[in-house]
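In what follows, a structure is listed as structure tokens, so that the remarks can point back to it.
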Amino acid sequence: MEQRHLGRTGLRVSRIGLGTLTWGRDTDEHDAADVLKTFWDAGGTLVDTADVYGDGEAEYLLGQLMERLVPRRDLVVATKAGSVPDPDRRFDGSRGHLLAALDASLERLGTDHVDVWQVHAFDAATPLDETLQALDLAVSSGRARYAGVSNFSGWQLAKAATWQLAVPGVRTRLASTQMEYSLLQRGVEREVLPAALDLGVGLLPSSPLGRGVLTGKYRRTVPPDSRGGSPHLAGFVAPYLDEASSRIVDAVATAADGLATTPLQVALAWVRDRPGVVAPIVGARNAQQLAAALSVEALSLPDEICRALDDVSAPVHHYPDQDWSTL
């Protein structure tokens, strides 16, 4: 699998990443082992997890598999911290919470370091410099090799990345930002992506298949064994089962028919090759789903197909995203 640099750093990762959101909950140990082995055999390196996935079970399961199935040295392990199960405070970016969460993640993962450590979301109740200091301490102590953020808006990312660049050699530059990005969700193109490109921060798209909707599996009905049919994930899929999304899915299916491939491959190839994108994170529930996604490695979309998909999925961006003098 092709390798790409993560932002403006020396770290190289596979251009498709493996997500573990469902590990320890919908994906059991047997399926997780098959998925990880399939990913590794295909040359995949980037494995993304978080301390809250499966209430910690995803990290624990990954640690167990690294111990006996896939060598730790062959993987780029990325995890996140900052989300908390508190209805009054969903995110805690305090230095104390983040560093304690990192120590707990390392224990579950069975390793002395993670390759990429990310703040899961912006915490408006904590001074940003305190949050970022936790990243500096994690890297300087050797517990993390690189640092990033997740779910930061454009101004939040720009502020954080600029703060880190202000004192080179002391503060850790941000290597990555993880955001939802697909043909069904192009909001990052307003300000996040331009900021990332300008500041040398690599984008790791989550839900690159529109939470599974871009595979076409929901075109006629909601399969009972799908995420959309799951009691705890149905609400996650529902926003993309509207008429506007349906038109985009139909266009993806038409493109797939013309290229003699699948909607999954078309949708994944589109986001993989967008400017600023390093590695879409694919969350397959089993090895068969992952193999279907990894088969996109040989596919490059023709320019005319890309333009057609761009047009049909184009979000409405006006002032101030475009040159105001032309409006």
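Other residues, nucleotides and ligands contribute over 12 non-hydrogen atoms within 6.0 Å of the CD atom of Glu2. In this structure, Arg90 places its CZ atom where only 12 or fewer heavy-atom neighbours from other residues, nucleotides or ligands lie under 6.0 Å away.
No path of Ile, Leu, Val, Met, Phe, Trp and Tyr side chains, each step under 4.5 Å between heavy atoms, connects Val84 with Leu128, placing them in separate hydrophobic clusters. Taking hydrophobic clusters as Ile, Leu, Val, Met, Phe, Trp and Tyr residues chained together by side-chain heavy-atom distances below 4.5 Å, Tyr146 does not share a cluster with Val119. Val271 is not connected to Val278 by any chain of hydrophobic side-chain contacts under 4.5 Å among Ile, Leu, Val, Met, Phe, Trp and Tyr, and they are in different clusters. Connection of Leu209 to Met1 is established within a shared hydrophobic cluster, with ILVMFWY side chains joined at heavy-atom distances below 4.5 Å, either directly or through further cluster members. One hydrophobic cluster holds both Ile16 and Leu36 under the rule that ILVMFWY side chains link at heavy-atom gaps under 4.5 Å.
Side-chain N/O atoms of Ser83 and His120 include a donor and acceptor closer than 3.5 Å. Under 3.5 Å, the side chains of Thr27 and Thr22 contain a donor-acceptor pair of N or O atoms. A donor-acceptor contact closer than 3.5 angstrom links the side chains of Gln118 and Gln178. Remark: the Glu243 side chain and the Ser246 side chain contain no N/O donor-acceptor pair separated by less than 3.5 Å. Between the side chains of Gln164 and Asp136, at least one donor N or O sits under 3.5 Å from an acceptor N or O. Judged purely by distance below 3.5 Å, without hydrogens or angles, the side chains of Thr49 and Glu59 never pair a donor atom with an acceptor atom. For the residue pair Asp129/Trp163, the side-chain donor-acceptor check at 3.5 Å is not satisfied.
Asp115 pairs by the side-chain contact (heavy atoms from CB on, under 4.5 Å) definition with Arg72, Val76, Val77, His113, Arg145, not counting sequence neighbours. With sequence neighbours left out, the salt bridge (Lys or Arg N to Asp or Glu O under 4.0 Å) criterion links Asp103 to Arg143.
A salt bridge links Arg89 with Asp123: the closest approach of a Lys/Arg side-chain nitrogen to an acidic carboxylate oxygen falls below 4.0 angstrom. Ionic pairing of Asp41 and Lys37 is present here: one or more N-O contacts between side-chain nitrogen and carboxylate oxygen are shorter than 4.0 angstrom. Salt bridge annotation for Asp55-Arg25: absent, with no cationic side-chain nitrogen under 4.0 angstrom from a carboxylate oxygen. A salt bridge links Arg4 to Asp273: one of the charged nitrogens lies within less than 4.0 Å of a carboxylate oxygen.
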Walk me through it: do Asp92 and Leu98 pass the test side chain to side chain contact (heavy atoms under 4.5 Å, CB included)?
CA-CA 8 Å; Asp92 187 345; Leu98 291 176; over 6 Å; no

Is there a side chain to side chain contact (heavy atoms under 4.5 Å, CB included) between Leu264 and Leu214? Walk through the geometry before answering.
CA-CA 6 Å; Leu264 181 155; Leu214 286 165; over 6 Å; no

As a quick check of understanding, evaluate side chain to side chain contact (heavy atoms under 4.5 Å, CB included) for Phe39 and Leu290, giving each step before the final call.
CA-CA 7 Å; Phe39 184 66; Leu290 180 62; 3.7 Å; yes

Starting from the C-alpha separation in whole Å, work towards a yes-or-no answer on ring pair (Phe, Tyr, Trp, His ring centres under 6.0 Å) for Trp155 and Phe122.
CA-CA 11 Å; Trp155 74 264; Phe122 185 83; 5.6 Å; yes

Between Leu106 and Leu102, does the side chain to side chain contact (heavy atoms under 4.5 Å, CB included) criterion hold? Intermediate values first, please.
CA-CA 6 Å; Leu106 293 176; Leu102 175 58; 4.2 Å; yes

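Distance alone, capped at 3.5 Å, places no donor-acceptor pair between the Glu67 side chain and the Gly110 backbone. For Ser207 (side chain) and Gly210 (main-chain N/O), no donor-acceptor pair under 3.5 Å exists by modelled atom type. Gln185 places no side-chain N or O within donor-acceptor distance of the main-chain N or O of Ser182, the cut-off being under 3.5 Å. In this structure a side-chain-to-backbone donor-acceptor pair under 3.5 Å is missing from Ser14 to Gly44. Of the possible donor and acceptor atoms, one in the side chain of Thr131 sits under 3.5 Å from a partner among the backbone N and O of Gly93. Of the possible polar contacts, one joining the Arg186 side chain to the Asp310 backbone as a donor-acceptor pair under 3.5 Å is found. No donor-acceptor pair under 3.5 Å is formed between the side chain of Thr38 and the backbone N or O of Ala291. Side chain of Thr20 to main chain of Asp48: a donor-acceptor pair is present (N/O by atom type, distance under 3.5 Å, no hydrogens or angles).
With values rounded to the nearest 0.5 angstrom, Ser245 atom OG is found 10.0 Å from Arg211 atom CZ. The CG atom of Leu174 sits 9.0 Å away from the OG1 atom of Thr162 when rounded to the nearest 0.5 Å. Remark: Ser176 OG to Leu203 CG distance equals 9.0 Å, nearest 0.5 Å. Atoms CH2 and CZ, on Trp23 and Arg285 in that order, are 14.5 Å from each other to the nearest 0.5 Å. To the nearest 0.5 Å, atom CD of residue Glu107 and atom CG of residue Asp112 are 13.5 Å apart. The NZ atom of Lys159 sits 14.5 Å away from atom CG of Leu199, with the distance rounded to the nearest 0.5 Å.
Two residues are said to be in side-chain contact when any heavy atoms from C-beta on lie closer than 4.5 Å; Val266 and Leu309 meet this criterion. Between Leu46 and Leu18 there is no side-chain heavy-atom pair separated by less than 4.5 Å. In this structure the side chain of Ile248 never reaches within 4.5 angstrom of the side chain of Asp250, judged on heavy atoms. The shortest distance between side-chain heavy atoms of Gln133 and Arg171 does not fall below 4.5 Å. Using a 4.5 Å cut-off on side-chain heavy atoms (C-beta onward), Pro280 and Leu268 make contact. Residues Leu137 and Arg95 have side chains in contact (heavy-atom distance under 4.5 Å, counting atoms from C-beta outward). Between Trp40 and Leu69 there is no side-chain heavy-atom pair separated by less than 4.5 Å. Within the 4.5 Å cutoff, side-chain heavy atoms of Val252 are placed close to those of Pro263.
Summarising the geometry of Ala269 relative to Leu299, their closest heavy-atom pair is CB-CD2, 4.0 Å, with the distance given to 0.1 Å. Closest approach of Gly148 to Leu135, counting heavy atoms only: O-CD1, 4.1 Å. Contact record, Ala195 with Leu157: CB-CD2, 4.3 Å, taken as the closest heavy-atom pair. Between Gly216 and Val249, the closest heavy-atom pair is CA-CG1, 4.2 Å. The heavy-atom pair separating Pro275 from Leu197 by the smallest distance is C-CD2, 4.2 Å. Taking each heavy atom of Ile281 and Pro208 in turn, the nearest pair found is O-CD, 3.1 Å.
A cation-pi arrangement, defined by a distance under 6.0 Å to the six-membered ring centre and an angle within 45 degrees of its axis, is absent between Arg108 and Tyr60.
Within the structure, ring pair (Phe, Tyr, Trp, His ring centres under 6.0 Å) contacts touching residues 238-276 (residues at least two apart or in different chains) are Tyr181-Trp270.
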